Number of protein chains: 2
Amino acid sequence: MILKQDAESPAEATSKGPPKPRLTAGQQSVLDVLQHQSQPLSAQALHGLMRRQQPIGLATIYRALDALKLLGLVQHRVTLTGETLYSAVEHDHHYLTCLQCGVSVPVDTCPVKELEAQLQGASSFRIYYHTLEFFGVCDQCEV
Amino acid sequence: MILKQDAESPAEATSKGPPKPRLTAGQQSVLDVLQHQSQPLSAQALHGLMRRQQPIGLATIYRALDALKLLGLVQHRVTLTGETLYSAVEHDHHYLTCLQCGVSVPVDTCPVKELEAQLQGASSFRIYYHTLEFFGVCDQCEV
DNA sequence: TCAGGAATGATAATCATTATCATATTGCAA
DNA sequence: TTGCAATATGATAATGATTATCATTCCTGA
Ligand SMILES: [Zn+2]
Ligand SMILES: [Zn+2]
Ligand SMILES: [Zn+2]
Ligand SMILES: [Zn+2]
């Protein structure tokens, strides 16, 4: 039993951009978890978290994440191990990752927002989010 | 039969940073192809390209790409379909990608180089490259 | 209330990447 | 130069995250 709560639902009041369709139960549920999460989560991690409170199938989570990306509500990034991590678009977090041991440290700056605004105007795209990640080798792994 | 050609081999002369080990035949071969390629390639695409001239196993290509990343000679990015694309580090290309149809358009600016230099100094990492990609919906796919 | 369409869930299928392991090559010491 | 240990290679099996499938359930609007 999943309750719809559109308290934080997409801008329908301040109709900025095309009207967003109502979210399905699964989408609402997934979005809610991501919005209250400080760290990005994989689909399977979401499944593990959600299944106790609100039983939901893994396939539904994948579908919800896809839909939420398309609505500009969720963003993704891919780890070195190949799993995709999702977070609410509001969270703009970037990392510096070691190619050897995989350790990631957060980068608190983001020099991309301005360029994103420029591109938004110059291109025919509606831009929702960006990924920015640095790769190298940490001193632990240095030869 | 793969010939070693270290014309463009890693900085050994201007010993900047730790001395890089010699490349194996497979690594040299893969690096050479990537350096003469203007577009990023997947491991399997590389295999398709290389197997005619220089027969080489797919596993070897994956291993070479891993090693070359660790040496700071090759960079990677992951497409929406989950395949990893590789290119020589010299090429700093970024894209704006549609989440719906997958079309990618190049972005010619990069506001990250400066931040990368800062991080290089501030962190204990040796930073080799970065990924930067914008995601949204193209006008074709717009509702 | 009922039919058509969309959403869901369990599970099978996909497919890029990794692990395995036997063989080939390389670098180096004797 | 020869012999050997360490490393690299290739074919292939195994892995694992994601996607496709399909039967069932839920919604919605006539
Ligand atoms: Zn490390
Ligand atoms: Zn950012
Ligand atoms: Zn599109
Ligand atoms: Zn760049």
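Note that these values count all heavy atoms, side chains included, but never hydrogens, waters or copies made by symmetry. Computed from a predicted model, the values in this text were never measured in an experiment. Quick note on labels: first sequence line is chain A, next is B, and so on, each numbered from 1.
Between the C1' atom of D:dT12 and the NE2 atom of B:H47 lies a distance of 13 Å, rounded to the nearest Å. A straight line from CD of A:E83 to C1' of C:dT17 spans 14 Å, rounded to a whole angstrom. When the C1' atom of C:dT8 is taken as reference, atom CD of A:Q54 falls 15 Å away, rounded to whole Å. The separation between A:L23 atom CG and C:dA7 atom P is 11 Å, rounded to whole Å. Rounded to an integer number of Å, the gap from B:L85 CG to C:dT17 C1' is 14 Å. What separates CG of B:L58 from P of D:dT9 is a distance of 13 Å, to the nearest Å. Atom CD of A:Q27 is separated from atom C1' of C:dT8 by 12 Å (rounded to the nearest Å). Residue B:D66 contributes atom CG, which lies 18 Å from atom P of D:dT7 at whole-angstrom precision.
For the residue pair A:T97/A:E133, the side-chain donor-acceptor check at 3.5 Å is satisfied. Side chains of B:H130 and A:H94: no donor on one and acceptor on the other come within 3.5 Å.
Under a 4.0 Å N-O distance rule, the pair A:D92/A:K113 qualifies as a salt bridge.
Look at A:T84 and you'll find a side-chain N or O under 4.0 angstrom from OP1 or OP2 of D:dT18. Taking 4.0 angstrom as the limit, B:T24 places none of its side-chain polar atoms (N or O) nearer than this to OP1 or OP2 of C:dT26. Between B:T60 and the phosphate of D:dG10, there is a side-chain N or O to OP1/OP2 separation shorter than 4.0 Å.
Cation-pi contact between A:R77 and A:Y129: absent, since separation from the ring centre below 6.0 Å together with deviation from the ring axis within 45° is not met.
Comparing C:dT8, C:dT18, D:dA17 by their nearest atom to the side chain of A:Y62 picks out D:dA17. Set against C:dG9, C:dA16, D:dT18, the side chain of B:Q44 has C:dA16 as its closest nucleotide.
Ring orientation note: the planes of A:H91 and A:H93 are close to parallel, at an angle under 30° on the 30°/60° scale.
Position along DNA chain D of the nearest nucleotide to B:L80 versus B:I61 favours B:I61 as the more 5'-ward residue.
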Using side chain to side chain contact (heavy atoms under 4.5 Å, CB included), reason through A:L23 and A:L31 one step at a time and then give a plain yes or no.
CA-CA 9 Å; A:L23 302 185; A:L31 179 59; 3.7 Å; yes

Strictly under 3.5 Å: I want the nitrogen or oxygen pairs between protein and nucleotides 21-24 of chain D, one per line.
none

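Side chains of B:V105 and A:S123 form no contact here, defined as non-hydrogen atoms less than 4.5 Å apart.
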